[in-house]
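Only heavy atoms go into these numbers, but all of them, side chains included; no hydrogens, no water, no symmetry mates. The sequence lines fix the lettering, A, B, ..., with proteins before strands; numbering per chain opens at 1. Every value quoted in this text rests on a predicted model; they were computed, and no experiment measured them.
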Number of protein chains: 2
Amino acid sequence: MKDITSQQNKVLNCIQVYIKKTGFPPTRADICKELGFKSPNSAETHLRALEKKGFISIESGTSRGISIINPEIENEGDEYPIIGLVAAGSPTLATENVEKVFNCPQGFFGSNFDYFLRVRGLSMKDAGIMEDDLIAVKKTQDIKNGDIVIARIDDEVTVKYFHRHSPKIVHLQPANEDFSNIEVDLEHTELFIEGKSVGLIREN
Amino acid sequence: MKDITSQQNKVLNCIQVYIKKTGFPPTRADICKELGFKSPNSAETHLRALEKKGFISIESGTSRGISIINPEIENEGDEYPIIGLVAAGSPTLATENVEKVFNCPQGFFGSNFDYFLRVRGLSMKDAGIMEDDLIAVKKTQDIKNGDIVIARIDDEVTVKYFHRHSPKIVHLQPANEDFSNIEVDLEHTELFIEGKSVGLIREN
DNA sequence: AATAATACTGAATGTATATACAGTATAATG
DNA sequence: CATTATACTGTATATACATTCAGTATTATT
């Protein structure tokens, strides 16, 4: 999907909210009223841009002929496994650790992801990650400093902030002062990055 | 619900199918075309009958202003509004604060809920609730001590732990030592509980 | 037997709406 | 430096649409 400007996003949200509220799409004038535009052509040009980028379709010559294109509607009701972060020394992230499957629209967190990880412990407490939270994990090696990663050293899986300290040294930092920084020397220790966190779900 | 004639039922189905297919409701002429009527007034009178019986609502003077009234819409709605927790003194939780709608399977958090609240500030930091998180809010007055509630005092909306200290005194407790406890004397101050948190979503 | 509701055709009309055209202005791109 | 995309205001207009009025006919309800 092509990128969208903030104004175009406002218009898109406006359409969604309007449909949710009234049951039918807005006119150009309705959009202007909602967003404070003074000319119907302001709405018109935004609609054309959204259509060009594939977010909506417009039926020409038809009043309120706007419909939102949701390419993920067919794939709706995707099931993602919830994997338990079990005690150290176990072969985690394997199929046998699947707690259950969880129904969640794809692209729920903007980016795609692969599975949910059930969090154990409070080592990332100050990042707002609590015990039993579900982290949406995207399998990737594309990690930037400051990303929250799911890292494996030997058989132990851990969730930490990633910081490349030097070409050979990686720091895995907790977000809780009761836990200590893990310094990994890549020359002597094998570090495997399972992926990174792209979202979080908590059930109260 | 009153009984419906077979012709009226055809019209009702026609509307539903049309919306499903196009994303917006039909005009009188569209209905005629679908069902073989030769006068727009045929559709008009059926629509009036359906409105009178409570199956649809018609927005007067509005093209395609038909919406289907579905009493089970709360149970099958997949789209939930995200409401921004705006600055103090504003009439929050009103429709005009809807940021956008968020697609989420019903019963996502075990319990049903009504909307998402966008969190501002860090007053519940130690409960793992961070800025910009989305709290799934269930509108209810069924609150137990220790629940995370969305409370309103005058026009100010806040998210806090609920603790009934005595029959007339309620404590609204933050989860951040930088913030102070709010003691509410129900005899002198009006406290309205909007609902409670049943879940949380974070987009990284 | 009279009234009301249903089920249509057909024509007429005011207005709600899409949409083109004419401008102004800013930021990004090649 | 010309071009394209974005982001608007403002005016104008053909037409898409809701809606009323005038009929005809059939079937329930009182």
Side-chain angles (χ1 to χ4, degrees), chain A residues 1-69, chain B residues 1-69 99-100:
Chain A
M1 193 70 79
K2 289 198 189 109
D3 50 339
I4 194 170
T5 68
S6 81
Q7 283 303 92
Q8 286 164 7
N9 192 42
K10 270 188 195 167
V11 173
L12 187 58
N13 288 333
C14 169
I15 296 166
Q16 286 183 290
V17 169
Y18 193 99
I19 293 174
K20 173 83 179 175
K21 212 158 55 182
T22 67
F24 43 86
T27 64
R28 277 60 167 169
D30 291 331
I31 295 170
C32 289
K33 202 178 167 191
E34 292 287 328
L35 298 180
F37 301 152
K38 289 181 181 168
S39 169
N41 195 36
S42 302
E44 182 70 27
T45 48
H46 281 135
L47 291 175
R48 291 291 168 83
L50 285 167
E51 189 188 31
K52 202 174 170 187
K53 290 180 179 176
F55 290 95
I56 62 172
S57 76
I58 302 172
E59 191 72 17
S60 111
T62 304
S63 68
R64 303 176 188 273
I66 304 166
S67 58
I68 290 169
I69 294 170
Chain B
M1 193 70 75
K2 288 196 189 113
D3 51 340
I4 194 171
T5 69
S6 83
Q7 283 302 92
Q8 286 165 6
N9 193 42
K10 272 186 195 170
V11 173
L12 187 57
N13 288 334
C14 170
I15 296 167
Q16 285 181 295
V17 169
Y18 193 99
I19 292 174
K20 178 86 176 174
K21 210 160 55 180
T22 67
F24 42 85
T27 64
R28 276 59 166 171
D30 290 330
I31 295 170
C32 290
K33 202 177 166 188
E34 292 286 328
L35 299 180
F37 302 153
K38 290 180 181 170
S39 168
N41 195 37
S42 303
E44 182 71 29
T45 48
H46 282 135
L47 290 174
R48 290 290 168 82
L50 284 168
E51 189 188 30
K52 202 174 170 187
K53 290 179 179 176
F55 290 96
I56 62 171
S57 75
I58 302 172
E59 190 71 16
S60 113
T62 304
S63 67
R64 303 175 187 273
I66 305 166
S67 57
I68 291 169
I69 295 169
E99 276 183 29
K100 61 179 206 175

- Task: Please report the shortest heavy-atom distance between B/S39 and B/C32, naming the atom on each side.
- Result: O-SG, 3.1 Å
- Query: Between B/Y18 and B/F24, what is the shortest heavy-atom contact and its length?
  - Reply: CD2-O, 3.1 Å
- Item | Whole-Å distance separating the CD atom of A/E44 from the P atom of C/dG23 | 20 Å
- Query: Measuring from A/I15:CD1 to A/S67:OG, what's the distance to the nearest 0.5 Å?
  - Reply: 9.5 Å
- Please name the pair of heavy atoms, one in A/R48 and one in A/I58, separated by the smallest distance, quoted to 0.1 Å. N-CD1, 4.3 Å
- Message: Can you list, in residue-number order, the parts of residues 26-37 of chain B that come under 4.0 Å of DNA chain C, counting heavy atoms only?
- Response: B/F37
- What is the distance from CG of B/L50 to C1' of C/dA5, rounded to the nearest Å? 14 Å
- Task: Check every nucleotide of DNA chain D for an atom under 4.0 Å from a heavy-atom of chain A, then give the first and the last such nucleotide from 5' to 3'.
- Result: D/dA5 to D/dC17
- Would you jot down, in residue-number order, the residues of residues 7-25 of chain B having a non-hydrogen atom under 4.0 Å from DNA chain C? B/Q7, B/Q8
- Task: Looking at every strand, decide which applies to B/S63 at a 4.0 Å heavy-atom threshold: base, sugar-phosphate, or nothing.
- Result: sugar-phosphate
- With B/R64, the side chain to side chain donor-acceptor pair (under 3.5 Å) member among B/T27, B/D30, B/T22: B/D30
- Message: Please compare A/T5 and B/R48 by the position of their nearest nucleotide in DNA chain D and report the one closer to 5'.
- Response: A/T5
- Message: Using every non-hydrogen atom in the two residues, find where B/C14 and B/E34 come nearest and quote the distance to one decimal.
- Response: SG-CB, 3.7 Å
- Task: Nearest 0.5 Å please: distance from the CD1 atom of B/I31 over to the CD atom of B/E44.
- Result: 9.0 Å
- Item | Comparing B/S39 and A/S60 on DNA chain C - which has the more 5′ nearest nucleotide | B/S39
- Task: Could you tell me whether the side chain of A/S42 and the main chain of A/P40 form a donor-acceptor pair under 3.5 Å?
- Result: no
- Could you tell me which non-hydrogen atom of B/P25 sits nearest to which non-hydrogen atom of B/I66, and how far apart they are? CG-O, 3.2 Å
- Message: Would you call the rings of A/H46 and A/F37 parallel, tilted or perpendicular, taking 30° and 60° as the class edges?
- Response: tilted
- Query: Just wondering, do A/I68 and A/I56 contact through their side chains at under 4.5 Å, heavy atoms?
  - Reply: yes
